[in-house]
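In what follows, chains carry the letters A, B, and so on, assigned in the order in which the sequence lines appear, proteins first and then strands, with residues in each chain numbered from 1. These values consider heavy atoms only, across backbone and side chains, with no hydrogens, waters or symmetry-generated copies.
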Amino acid sequence: MVQNLSKNESFNTVTLDVRELEPCEPMVRILEAAEQLGDNDRILALHRKEPFPLFSILKERGYNFSTDKKSEDLFEILIWRTS
Amino acid sequence: MYRGLSLDQAPPEDIPLRFFLTAPIFGVLSGLILTFYAHELVGSRWNLETIAFTHSLTLGWLTMVMIGAFYQMIPVLVGGSVPFVFLSRYVHAFLTMGTLCLLFAFFFSQYISILMILAGVLITVALVLFLVPITISLFQVKANGRPTVFAMRFSVIALTGTLLFGLLFAGDLAGLWNYPISKTIATGIHMVFGLIGWVGMLIVGVGFYVLTMFYLTPVFGNKLAAYILVLMGVSIVGFPITVLFEGDLFLLLISGFPGFIGTILFSSRVYRILAKRKRKAIDATMKFWWFGLAFFPIALLIPWLPISTEKIDTLFGQFFLIGFAVSITSGMLYKIVPFILWFHRFSHKIGKENVPLLRDILPNKRSNQQFICFIVVNISMFLGIVLETIWIVQLSGILLSISFMLVFLNIFSSLRIAQKG
């Protein structure tokens, strides 16, 4: 399901910091932003936790995503449309 | 480096909700037992009515809520999936029937043998059907750097131990066999596994994770969390061994001390991170945490106080079961229920239409009213026990029933609010 992103591909990356939002507002913000994504766009969401429920919705809606744990309270989640 | 995830969805909403709607009914029942049998309850912990009261709370409320929460927490907190999740509906049915049989057995002594056998079989089937899939899912996920997963694993192992020692009692009361060890020793081990291992460990483990998420606090800290788990683990294993080999008071103190320090570290750290939270609003769920945490270490000090055995037992029961465990599980319930309803009924609409927030589904005003009632329960119960005044204890029983009834109504009304959308 999750594809590797080629470093040579050019993407417009929107950074979305949801670390100071209460549950479930991070999910709302991220999914609303995801609805606006074009084929060459991606979202880099900064999250306090690994949002497992969000992942299942992203999968259902046909998005790809990957996560990178930077620290105990910083997870970087990259989201893009399935081509 | 980025890594991909493949996850199953959360369980259908009816699974956790059926546990959460049944638990307050047992809570109401606990209050009624306290009201009608207050004399017996403050008299001795060995009275059958007292055992009925404690099990109505521990199995009917605590275990019911915790099992329902487990099915929700595995996918949401841990990122795992529970195999054979449909079995959970049987878990709920068998646990409800088994707990009822157990309670009836204590009040209808002429049928105690058959009711105890029924209770033993039903509760065992329920817990096996719960434990096997949950244990599989907990050991399938990576626990590295995630103390919550370790705590959850520990708690399900402790539940297994609690069940085994509980069956010893059930078999004895049913006339199937005699205790292979002394009743006091077996009770001590049953209680440590059940209260500290199953209930305490799960609350601590979940606390490591959810406080940061719900209240935007600084992280708990994995290193400190690991120390706390080790300290509690040492006592949960060490104390029963000391009890089993009839160790003296000094050895009991030594084996229980690390766990006590663990609870102090946990409570003080939680107070500290809550004080530094970014979300400044104070809702009822946070008050339940504040209130409950204070009782955690204090409850463990009570058995060492120079007061009568009866008072120690009743105060410990109040402080640990109601002050600490019921308080925190109530607070958690008020967070979990709106989330479940929101997730299943509104998350698919995000980006397409406006969706309500969690606080719209379970308004804080309602949970706050129940919190106030719960405080009055604790004050009246404490006064009743200390002043040895039965009518005050009975009053606390009535209030306890009302408090649990409010929990039920609050959950039920959030279902209706979510229905309307």
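- No part of Gln36(A) comes within reach of chain B, as not one of its non-hydrogen atoms sits under 4.5 angstrom from that chain.
- When each of Met213(B), Arg279(B), Arg359(B) is scored by its heavy-atom pairs under 4.5 Å with chain A, the top score falls to Arg279(B).
- With hydrogens and angles ignored, the 3.5 Å screen pairs a side-chain donor or acceptor of Ser268(B) with a backbone N or O of Leu265(B).
- For Leu357(B), the part sitting under 4.5 Å from any heavy atom of chain A is the side chain, from C-beta outward, and nothing else.
- Without hydrogens or angle criteria, Ser413(B) side chain to Asn410(B) main chain gives a donor-acceptor distance under 3.5 Å.
- Considering only heavy-atom pairs separated by less than 4.5 Å from chain B, the leading option among Arg19(A), Arg48(A), Glu25(A) is Arg48(A).
- Heavy atoms of Lys335(B) lying under 4.5 Å from chain A are absent altogether.
- Within the 4.5 angstrom heavy-atom criterion, only side-chain atoms of Phe339(B), from C-beta onward, approach chain A.
- Put simply, of Thr212(B), Ile350(B), Val76(B), the one with the most heavy-atom pairs under 4.5 Å next to chain A is Ile350(B).
- Using a 4.5 Å cut-off on side-chain heavy atoms (C-beta onward), Ile15(B) and Arg89(B) make contact.
- When the shell of 6.0 Å around CZ of Phe139(B) is examined, it contains more than 12 heavy atoms from other residues, nucleotides or ligands.
- At a 4.5 Å heavy-atom cutoff, the contact between Glu35(A) and chain B is made by side-chain atoms alone.
- At a 4.5 Å heavy-atom cutoff, Arg277(B) makes no contact with chain A through either its backbone or its side chain.
- Looking at Arg61(A), only its side chain comes within 4.5 Å of chain B, counting heavy atoms on both sides.
- Between the side chains of Asp17(A) and Thr15(A), not a single donor N or O lies within less than 3.5 Å of an accepting N or O.
- The distance between the ring centers of Phe19(B) and His92(B) falls below 6.0 angstrom.
- The environment of CZ in Phe84(B) is sparse: at most 12 heavy-atom neighbours from other residues, nucleotides or ligands sit within 6.0 Å.
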